[in-house]
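Everything on this sheet refers to the single structure shown next.
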Amino acid sequence: EFPTYFFKLSESKYEDVREGDRKVRLQVDFVDVARKYGEFIFNGDSIPFDTRESTLVIDLSTDAVEGNNAIKVKPQKTMEIRELRVDLVR
């Protein structure tokens, strides 16, 4: 089983996202530039990825909900993540 990470969006922050004033941005920093592929499961929806970059940025705004949000990382092969962050950006 793969780990699941959670974050909360308050009512006011969710309204900012819904109205398009802010975006929910996932940023994943990897340890190396080798090929990494698999999927993120965000609130039950699959977001595939396939990259050789050391940083991957994905907009999660359309599937974000008020309250608890969940992200699961399901790689197709072992990979190392240096940092996984979710930010609200303008």
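None of these values were measured; they are calculated from a predicted model.
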**Study point:** Whether Asp87 side chain and Val89 backbone form a donor-acceptor pair below 3.5 Å
**Key:** no

Practice item. Before accepting this row, confirm whether a basic side-chain N of the pair Glu80/Lys36 lies closer than 4.0 Å to the acidic partner's carboxylate O. Key: no

Practice item. Could you state whether Val86 and Ile81 fall into the same hydrophobic cluster, counting links through intermediate Ile, Leu, Val, Met, Phe, Trp or Tyr residues with side-chain heavy atoms under 4.5 angstrom apart? Key: yes

Exercise for review: Over all heavy atoms of both residues, which pair between Ala70 and Thr4 is shortest? Give the atoms and the distance, please.
Suggested key: CB-CG2, 3.9 Å

**Study point:** salt_bridge(Asp16, Arg22) N-O dist < 4.0 Å
**Key:** yes

**Study point:** Smallest separation among heavy atoms of Asn68 and Val65, with atom names
**Key:** O-CG2, 3.4 Å

Point to revise | Flag if over 12 foreign heavy atoms under 6.0 Å of CD, Glu11 | key: no

Check your understanding: Where is the tightest heavy-atom contact between Ser61 and Lys23, given as atom of each residue plus distance?
Key -> OG-CA, 3.2 Å

Point to revise | Within 6.0 angstrom of Gln27 CD, more than 12 heavy atoms from elsewhere | key: yes

Revision key, fill the gap. Which of Thr55, Leu84, Thr51 passes side chain to side chain contact (heavy atoms under 4.5 Å, CB included) with Phe30? Answer is Thr51

Exercise for review: Could you pull out the closest heavy-atom pair between Met79 and Val73, with the gap in Å?
Suggested key: CE-CG1, 3.6 Å

Exercise for review: Grab the two heavy atoms, one from Phe42 and one from Leu60, that are nearest each other, plus how far apart they are.
Suggested key: CE2-O, 3.5 Å

Check your understanding: Is a side-chain donor or acceptor of Asn69 paired with a backbone partner of Ala64 at a separation under 3.5 angstrom?
Key -> no

Check your understanding: How long is the span from the CG atom in Asp45 to the CD atom in Glu39, to the nearest 0.5 Å?
Key -> 11.0 Å

Point to revise | Distance (rounded to the nearest 0.5 Å) between Asn43 CG and Lys72 NZ | key: 12.5 Å

**Study point:** Within-4.5 Å side-chain heavy-atom neighbours: Glu66 and Leu9
**Key:** no

Review point. Does a side-chain heavy-atom distance below 4.5 Å link Phe40 with Val28?
Key: yes

Practice item. Applying side chain to side chain contact (heavy atoms under 4.5 Å, CB included), run through Leu88 and Val24 and close with a yes or a no. Key: CA-CA 5 Å; Leu88 279 179; Val24 179; 3.8 Å; yes

**Study point:** From Ile71 atom CD1 to Ile41 atom CD1, the distance as rounded to the nearest 0.5 Å
**Key:** 11.0 Å

Practice item. Find the distance between CZ (Phe49) and CD (Gln76) and round it off to the nearest 0.5 Å. Key: 8.0 Å

Check your understanding: Does the pair Asp50/Arg35 count as a salt bridge with the N-to-O cut at 4.0 Å?
Key -> yes

Check your understanding: How far apart are the closest heavy atoms of Val31 and Arg82, and which atoms are they?
Key -> O-NH2, 3.5 Å

